[in-house]
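Report on the structure given below.
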Amino acid sequence: MKVLFDARYIRTDFHDGISRYSAELGAALAEFIPVTFLIHDDAQRASLPAGADCVLIHPPTSAKEPWTARILNKHRPDVVFSPMQTMGTAGRRFGLILTLHDMIYYRHRTPPRDLAWPIRLGWRMFHLSYLPQRATLNAADMVATVSETSKRDFERVRLTKRPIVVIPNAPRPDDALSPYREVPREAPTNLIYMGSFMPYKNVETLIRGMAGLPQHTLHLLSRISPQRRAELAAIIPSGSRVVFHGGVTDEEYARLLRDNAILVSGSKDEGYGLPLAEALALGVSAVVSDLPIFREVAAGGALYFAPDSPEDFAEKVRKLNDFEVREAVIESGSAHIRTFSWTRSAQILLTTLQSVTEKRQLARKTRHAAS
């Protein structure tokens, strides 16, 4: 079985969610079978297994993308996996699994700001109705997503006729995320937010909640534009401590989580919530908005608050001052997050790749027999 894995979404500066999903899942899959990776920049090799077999093609934002399948046909793959759904499928002669992580952009149509304006315009038009997405996903053999919550969302609106498989995200499998040996007895005073500052991320509720948390410091880790920073700085309650870090490395992120901290998020929409999973893997408690996806990822490893209530957020943070409450939350979260791993996700992907290949081979034999 010749497998092509689309690694073109791996970033060469710092990982975002799609980039990390691509790198970790691809590396885990390569532990089981030979994999050829699609890249568009030689620098992406640094995030792939040493000596990985790679094919250099155009970036996914290229005007060539609608004809990607025709380009890949010459490499004669049995099946291709893409961690996104933008790959052109016209004329393909191979099995294909496309991934849609969530439906956030149907509810919040602001596209990623790092895209060129023609792509941003196309993005908005694409998400005005479900029809373009249905046509895109139905052109594959199977559709992957990262959570049971997203799968239910797809099924609710009949987003695809294809079978849907859940290939979850997982915490990073490295020493930086090895858990505490025992729960620290000191009450946490640092609140860690890792994520973007899009409006639906609802960072405003976290900041306003600091009025009820005079002993705590809120750390906003991600890169932020000057305009957005000014907007958020303007609503910081008097006397509250809020620190804008402007971007951190993975090592700095792990160090901050280990520094007497709680992971926090007020998001009103998520596809998975990887920072939450990483905090639980470290043995760090969490206070997050009450979303189905967060409950799927964290279960009892977090306390949940109403996303529009700064007061509820502050109250849940204060509850974790109690050592016994904090210990129970951390133990529950640590046990639950162990059910997520990149090895397990790669095993699911491998089974799916084999299933798609076998079905196409059977269909080909049936056609030949009939002719």
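Just so you know, these numbers use all the heavy atoms, side chains as well, and skip hydrogens, waters and symmetry mates. Note that this is a predicted model, so its numbers are computed, not measured. Nothing fancy with the numbering, it's 1 onward along the sequence.
- A distance of 9.0 Å separates CG in Asn169 from CD in Glu278, rounded to the nearest 0.5 Å.
- Between Ile39 and Val55, every side-chain heavy-atom pair lies at or beyond the 4.5 Å cut-off.
- Not a single donor-acceptor pair under 3.5 Å links the side chain of Thr145 to the backbone N or O of Val166.
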May I have the list of side-chain donor-acceptor pairs in residues 27-37 shorter than 3.5 Å, sequence neighbours left out?
| residue | atom | partner | partner atom | Å |
| --- | --- | --- | --- | --- |
| Thr36 | OG1 | Asp53 | OD2 | 2.8 |

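- The ring-ring contact (aromatic ring centres under 6.0 Å, His included) contacts involving residues 277-332 comprise Phe305-Phe313, where partners must be two or more places apart or lie in separate chains.
- Applying the salt bridge (charged side-chain N to carboxylate O under 4.0 Å, His left out) test to pairs two or more places apart or on separate chains, none has a residue in residues 217-226.
- Relative ring orientation between Phe244 and Phe197 is described as tilted, the plane-to-plane angle lying within the 30° to 60° band.
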For the pair Ser267 and Glu270, evaluate side-chain hydrogen bond (donor to acceptor under 3.5 Å, both in side chains) and give the outcome as yes or no after the intermediate values.
CA-CA 7 Å; Ser267 185; Glu270 287 290 338; 2.9 Å; yes
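- Note: Ile167 CD1 to Ile348 CD1 = 7.0 Å, rounded to the nearest 0.5 Å.
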His58 and Thr68: CA distance, side-chain angles, deciding distance, side-chain hydrogen bond (donor to acceptor under 3.5 Å, both in side chains) verdict:
CA-CA 9 Å; His58 56 271; Thr68 299; 3.0 Å; yes
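- Identified under the ring-ring contact (aromatic ring centres under 6.0 Å, His included) test for residues 128-171, with sequence neighbours left out: Tyr106-Tyr130.
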Solution key, residues 135-143 side-chain donor-acceptor pairs under 3.5 Å, sequence neighbours excluded:
| residue | atom | partner | partner atom | Å |
| --- | --- | --- | --- | --- |
| Thr136 | OG1 | Pro132 | O | 2.9 |
| Asn138 | OD1 | Thr160 | OG1 | 2.9 |
| Asn138 | OD1 | Lys161 | N | 2.8 |
| Asn138 | ND2 | Arg134 | O | 3.1 |
| Asp141 | OD2 | Arg92 | NH1 | 2.8 |
| Asp141 | OD2 | Arg92 | NH2 | 3.3 |
| Asp141 | OD2 | Leu96 | N | 2.8 |

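- Checking Thr99 against Tyr9 by side-chain atom types alone, no donor-acceptor pair falls below 3.5 Å.
- Between Ile236 and Leu218 the shortest side-chain heavy-atom distance does not fall below 4.5 Å.
- Atom SG of Cys54 sits about 11.0 Å away from atom CG of Leu4, to the nearest 0.5 Å.
- The aromatic rings of Tyr21 and His101 stand perpendicular to each other, their planes meeting at an angle above 60°, with 30° marking the opposite boundary.
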Do any side-chain atoms of residues 208-217 form donor-acceptor pairs under 3.5 angstrom with protein atoms, and if so which ones, sequence neighbours left out?
| residue | atom | partner | partner atom | Å |
| --- | --- | --- | --- | --- |
| His216 | NE2 | Pro188 | O | 3.2 |
| Thr217 | OG1 | Arg241 | NE | 3.0 |

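- Annotation: salt bridge (charged side-chain N to carboxylate O under 4.0 Å, His left out) contacts involving residues 314-340, sequence neighbours excluded, comprise Asp312-Lys316.
- Within the structure, salt bridge (charged side-chain N to carboxylate O under 4.0 Å, His left out) contacts touching residues 56-71 (residues at least two apart or in different chains) are Arg8-Glu65.
- Residues Thr357 and Asp78 have side chains that never bring a donor and an acceptor to within less than 3.5 angstrom of each other.
- By the salt bridge (charged side-chain N to carboxylate O under 4.0 Å, His left out) test, Arg156 pairs with Asp153, sequence neighbours left out.
- You'll find the side chain of Ile207 reaches within 4.5 Å of the side chain of Pro237, heavy atoms only.
- Screening residues 65-98 for ring-ring contact (aromatic ring centres under 6.0 Å, His included), with sequence neighbours left out, gives Phe5-Phe81.
- Under the rule for a side chain to side chain donor-acceptor pair (under 3.5 Å), the partners of Ser150 that lie at least two apart in sequence or sit in another chain are Ser147.
- Here CG of Asn190 is found 5.5 Å from CD1 of Ile192. Values are rounded to the nearest 0.5 Å.
- Residues Asp6 and Pro60 fail the side-chain proximity criterion, which asks for heavy atoms closer than 4.5 Å.
- At least one donor-acceptor pair under 3.5 Å links the side chain of Tyr193 to the backbone N or O of Ser196.
- The OG1 atom of Thr12 lies 14.0 Å from the CZ atom of Arg45; values are rounded to the nearest 0.5 Å.
- With rounding to the nearest 0.5 Å, the separation of NZ in Lys268 from CG in Asp290 is 13.5 Å.
- The shortest side-chain heavy-atom distance between Leu256 and Arg258 does not fall under the 4.5 Å cut-off.
- Scored by the ring-ring contact (aromatic ring centres under 6.0 Å, His included) test, His15 finds no partners at all (sequence neighbours excluded).
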